[in-house]
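Single-structure report; data block below.
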Amino acid sequence: MTADLSLSLTLATPEIILAVGALALLMIGVFSGERAHTTVTGLAIALLLASGGWMLMFGQNGAAFSNSFVNDPFAYFMKGLTLIGAIVTLVMSVGHARQDNLDKFEYPVLIVLSTLGMLLMVSANDMLSLYMGLELSSLALYVIAAIDRDRARSTEAGLKYFVLGALSSGMLLYGVSLVYGFTGNTNFDAIANALAGGERQLGLVFGLVFVLAGLAFKISAVPFHMWTPDVYEGAPTPVTAFFAAAPKMAAMALLVRVTVGAFEPVAVDWVQIIVFVSIASMVLGAFAAIGQTNIKRLMAYSSIAHMGFALVGLAANTQEGVRGVAIYMLIYLVMTLGAFAFILAMRRGGANVERIEDMAGLSRTNPMMAAIMTILLFSLAGIPPFAGFWAKWYVFMAAINAELYALAVIGVLSSVVGAFYYLRLIKVMWFDEPAGGFEPMSSELRLVLGLSGAFVLFYVLVGGPISQVAEAAAKTFF
């Protein structure tokens, strides 16, 4: 028993680092006075780096806590992306804390706690550990969304996210209860064995639908996307950047683990659901973004569409498809962080501006900033040879090889429609009359924007090793 506990604690060391560190940061924040925010933010970044460093140097594969928590190549890949998203968004928020009312020591602590929940989600191998990680992550996110209490939009965003999130949690729990009732298990491996050994029952299919509905909410996939545009627009921009990055990584990883792992024997049922959700997300994300005038709302619909594209790979239910999902999420993360570094740099008169027309004529006032954003927009649109093209290539080829031809065709057509609003932003930056220059970018935003632009532009040079790592991650399930 002692040996099992010791092994479990060793496997969960990155999560323990964040849990104990978050409690320590709370105490430091309370006793540090006015300097608390700067001190705690720096320590939070160090804590997240320490967690990632431990995984990189001492990470082991195995199951812990009675097989309810697993570490495998797929978990390490997605945990790495989650930590990168959390670290970069926290770094980007440093220079904007005072302007966005985020200069409270609770903010970085909540980021750490939310990231802890996400790491638990990625390693969840039981319905109960799934729910625990999901709720820990979500509760922190509800508070972060409404952290700027002096702005009505921020408070409204947090309230909407809380109410709809509670609804999705209820649906997820109802689905879990049905699955447990028909299989007698909550462990993913045991559920898969129970489903493989008998006929699938209608009640179990209902349970599967409710579980997938709860998880689809977390990646803001249609028809559970309604919170996304309002929360993206209403929350402070650094918070929106975090919402668009880290939680998507963890939720998509959990969705892959639940479907390809626990419910693999009933793939004929969940593949139909994933195909529908994928098509609905791609189409709505492509068309709804066309009329947007706020850049953050546009990025919300862009995010919905990109989650639809990633689900194309999952719908294939093959090793190639899971590899495509992993690569897609990595490239999506880099593109999103770069885009939000640009949005955070859209400042005039000491305040952020968010309207698309505020980008007018940027090529004449800041040509380098306009050039890098243009590269990111071309990549988001999926235009070769940028990284976004290869992301879509992998998931569409997986769908074609799985004979999901209609899904692949709809995906390509949605990409064409979506390219319109990305190209419109490029047109505004390069051909419209200047609306006035932005304030100089902070060094951290300049670094994030430059690195993301370089990655997207030169992806073909590093795509091979990344594909090999994603391939190793995908082999976890096959």
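Enclosure of atom CZ in Phe477 by more than 12 non-hydrogen atoms of other residues, nucleotides or ligands within 6.0 angstrom is indicated.
Taking each heavy atom of Lys427 and Asp432 in turn, the nearest pair found is NZ-OD1, 3.1 Å. Scanning both residues, Leu380 and Lys392, for their nearest heavy atoms gives O-NZ, 3.6 Å.
Lys475 has no carboxylate O lying under 4.0 Å from a charged side-chain N of Glu471, or vice versa, which leaves the two without a salt bridge. With respect to Glu357 and Arg355, a salt bridge is recorded, a charged nitrogen being found less than 4.0 Å from a carboxylate O.
A donor-acceptor pair under 3.5 Å is formed between the side chain of Ser415 and the backbone N or O of Gly411. Side-chain atoms of Lys296 come within 3.5 Å of backbone N or O of Ala235 as a donor-acceptor pair. Judged purely by atom type and a 3.5 angstrom limit, Trp270 uses its side chain to pair as donor or acceptor with the backbone of Phe263. Looking at Ser302, its side chain never comes within 3.5 Å of a backbone N or O of Leu298 through a donor-acceptor pair. In this structure, the side chain of Ser137 does not engage the main chain of Gly117 through any donor-acceptor pair within 3.5 Å.
Exactly one residue among Arg297, Arg153, Arg347 makes a salt bridge (charged side-chain N to carboxylate O under 4.0 Å, His left out) with Glu354. That residue is Arg153. Across Met429, Met335, Arg424, a single residue satisfies side chain to side chain contact (heavy atoms under 4.5 Å, CB included) together with Leu377, and that is Met429.
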Derivation of the side-chain hydrogen bond (donor to acceptor under 3.5 Å, both in side chains) call for Tyr328 and His306: CA-CA 9 Å; Tyr328 199 104; His306 281 289; 2.7 Å; yes

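Note on ring orientation: taking the six-membered ring where Trp is involved, the planes of Phe389 and Trp393 are tilted (angle from 30° to 60°). Note on ring orientation: taking the six-membered ring where Trp is involved, the planes of Phe217 and Tyr161 are parallel (angle under 30°, cut-offs 30° and 60°). By the 30° and 60° cut-offs, the orientation of the rings of Phe396 relative to Phe309 is perpendicular.
Remark: the Ser51 side chain and the Lys79 side chain contain no N/O donor-acceptor pair separated by less than 3.5 Å.
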